[in-house]
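Keep in mind the model is a prediction, meaning the values are calculated, not measured. Atoms within a ligand are numbered from 1 in the order they appear, just like the ligands themselves.
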Amino acid sequence: MDIEYRDKAMETMDRAALEAHQLQALRETVRQAQKTSFYSKALAECRLEGPEELHSLADIRKLPFTSKQDLREAYPYGMLAVEKEEVVRLHASSGTTGKPTVIYLTAEDLRACTAVTSRSLIATGAGVQDVFQNMMTYGLFTGGLGLHYGAENLGMLVIPASSGNTRKQFRMMHDFQSNILHATPSYLLHAYSQMGEMGYKLSDFNLQKAYVGAEPHSEDTRRKIEELLRIDVYNSYGLSEMNGPGLAFECVYKDGMHLWEDAYIMEIIDPDTMEPLPDGEEGELVLTILHRKAMPLLRYRTRDLTRIIPEPCPCGRTHRRIARIKGRTDDMLIINGVNVFPSQIEEVIMKMPEVGTNYLIVVEKQGALDKLTVKTEVTRELLTDDTRDLYKLKQRIRENLKASISISATVELHEPDFLPVAQGKAQRVEDRRKPV
Ligand code: AMP
Ligand code: ZN
C-alpha cells in the first residue's frame with residue numbers, strides 16, 4: 001500500500017528519539033504551566049520544585065492530575081498562561097453544570113494543531129484531490145473547526161457544511177461531488193435512512209471516505225456505514241480540552257488510532273487507584289498536551305476507557321495507537337455527539353419552582369439518532385382543569401434545556417408520585433441504547 005506522510009521524519013521517528021523529544025517538551029510544558037495560578041499551586045502541592053526534576057518520562061507521575069472540574073473552576077480565564085492579547089481563539093465544551101470548560105489558543109498553538117490534524121488526514125490518503133464536506137458542528141464545539149484547518153492545509157477543498165439540514169447536505173454532496181465526509185456515525189446512518197425519501201440514490205454521489213467520531217460506536221457500526229454507503233470509514237478521536245479531533249486517527253489500515261505522541265503524552269491509568277497500567281491493558285486515558293502555550297494541561301483525565309496498542313503498525317508510523325473507545329468512567333452522556341451531564345439537566349429542572357423533586361432522564365434510539373426525554377413530576381398546585389399552565393411550563397423547560405445543553409428534548413410532565421422512587425441511590429438516568 002502507498003503510504004503518504006505529512007512529516008515523515010516525525011511520524012516515523014524511532015521511539016528513543018521520540019521519547020527524548022517528549023521529555024524535553026514535557027519540561028517546557030511544566031515551565032509554561034507554572035505561569036498559571038492553578039498549576040503553580042498544584043505543582044507546589046506535589047512538591048515539584050521545577051521541570052529539571054523530571055529526569056525521565058516515568059517522572060510524569062510526579063505531576064498532578066487535572067480534571068474537568070478544575071477547568072470549570074478556572075472559568076473563564078483562570079488557566080491562561082499567556083497575556084490575553086496573545087490568544088486568537090477559544091473553544092468550549094460542556095461542564096458538569098452551568099459553566100463550560102474553555103480552551104484558548106495562540107496563533108502558534110493553532111498552527112501546531114493544524115500540523116497535527118493534517119497528518120491525521122493524510123494518514124487516510126487524503127489530499128488536494130479531495131472535496132471534504134465537513135458535517136460536524138462549527139462553533140464553540142471543536143468538531144467542525146478542529147479538522148477544517150488541517151484539511152485546508154493539505155489543500156483539500158473544504159465545504160464548511162456544519163451539521164443538520166440533511167436535504168441541504170445531500171444537495172451539496174451531489175452538486176460539489178464531495179468524496180470525503182466528516183460526521184458523527186449516528187448522523188451518517190440517519191442521513192442514509194433519508195436518502196431515498198429526499199430523492200437521492202447512492203449513484204448520485206461520489207462518496208469514498210468518511211471520518212467519524214465525537215461519540216462511542218462499535219466496529220459493527222463502522223462496518224454498517226461502510227456497507228451502506230460503500231465507502232471507507234475511519235475512526236477519529238478527540239476532545240475539546242486537547243484541541244478537538246485529529247488528536248488520534250486511524251490510518252489506511254483502520255486498526256486503532258495513531259495518537260500523535262510528539263504533541264501529546266498518553267498514559268493509561270486504573271481509574272480507581274489512579275496507578276498507571278501497562279501497555280495493552282484497558283483503563284482511563286490520561287493526556288498531557290505538549291507545546292500549547294496559551295493553555296498547558298498536565299495529565300488531563302479524559303474519563304475515556306481504552307488501551308494502548310503497542311504493536312507496530314504496518315504504515316510505518318511509530319506513534320502508538322489507541323483502541324476504539326470502550327466507554328466512560330463518569331456519567332457523561334453523549335447524545336448525537338453532544339456531551340450532556342445529568343447534572344446539567346437537573347440544574348435546569350430544579351430552578352423551576354413548579355416542578356417537583358423527582359425526575360428521570362431517558363435516552364433511546366429513534367431510528368439512527370438518539371432521543372432524549374426528560375420526565376418530571378409537577379407540584380399539586382398545577383393540577384387544575386386549566387392545562388394552559390402545564391403547557392407553558394413544558395415549553396419553558398424545553399427552552400431552558402435547549403439553552404443549557406443545546407439539545408431539543410421531549411419533556412413529559414407527570415402528577416406527583418408517578419415516577420419510580422429508588423430505594424437506595426436515585427436512578428436518574430435510563431440509557432436504553434445498546435452498549436458499544
Ligand atoms: P468534546 O470535548 O465535546 O469534543 O467531547 C469529547 C468526548 O467525545 C471524548 O472525551 C469522548 O468521550 C467522545 N468521543 C470523541 N471521539 C470519539 C470516538 N471516536 N469514539 C468514541 N468517543 C468519542
Ligand atoms: Zn498506521
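- Using a 4.0 Å cut-off between charged side-chain N and carboxylate O, Asp262 and Arg119 make a salt bridge.
- Ordered by chain and number, Cys251 SG, His258 NE2, Cys313 SG, Cys315 SG make up the set of protein N, O or S atoms under 2.8 Å of the Zn ion (ligand 2).
- Considering backbone and side-chain N/O of Ala214, one or more are found under 3.5 Å from N/O of ligand 1.
- A distance below 6.0 Å separates the ring centres of Phe205 and Tyr200.
- For Glu267 and Arg61, the salt-bridge test fails: no basic side-chain N is under 4.0 Å from an acidic carboxylate O.
- Applying the side-chain hydrogen bond (donor to acceptor under 3.5 Å, both in side chains) definition to pairs two or more places apart or across chains, those involving residues 147-163 are Arg6-Asn153, Ser118-Asn153, Thr137-Ser163, Tyr138-His148, His148-Glu152.
- Glu215 N, 3.7 Å is the protein heavy atom nearest to atom 23 (C) of ligand 1.
- Applying the side chain to side chain contact (heavy atoms under 4.5 Å, CB included) criterion to Ser408, with sequence neighbours excluded, gives Lys402.
- With a heavy-atom cut-off of 4.0 Å, Ile334 touches ligand 1 through its side chain alone.
- Under a 4.0 Å heavy-atom criterion, Gly238 is in contact with ligand 1.
- Of all the heavy atoms of Asn339, the ones lying under 4.0 Å from any atom of ligand 1 belong exclusively to the side chain.
- At a heavy-atom distance under 4.0 Å, no atom of Arg303 approaches ligand 1.
- A salt bridge links Asp279 with Arg320: the closest approach of a Lys/Arg side-chain nitrogen to an acidic carboxylate oxygen falls below 4.0 angstrom.
- Pairs passing the salt bridge (charged side-chain N to carboxylate O under 4.0 Å, His left out) check and including a residue from residues 203-217, sequence neighbours excluded, read Lys201-Asp204.
- What sits closest to atom 12 (O) of ligand 1 on the protein, heavy atoms only, is Asp304 OD1, 2.6 Å.
- With respect to the salt-bridge test (charged N to carboxylate O, under 4.0 angstrom), the residues Glu241 and Arg292 do not qualify.
- When heavy-atom distances to ligand 1 are checked against a 4.0 Å cut-off, Ser236 comes that close only through its backbone atoms N, CA, C and O.
- Residue-environment remark: NZ (Lys62) exceeds the threshold of 12 foreign heavy atoms within 6.0 Å.
- The shortest N or O to N or O distance between Thr302 and ligand 1 is not under 3.5 Å.
- Salt-bridge check for Arg222 with Glu250: passed, with a basic side-chain N closer than 4.0 Å to an acidic carboxylate O.
- Remark: ligand 1 and His217 share no N or O pair separated by less than 3.5 Å (distance only, no angle test).
- For the residue pair Gln208 / Asn179, a side-chain donor-acceptor distance below 3.5 Å is found, with atom types taken as modelled.
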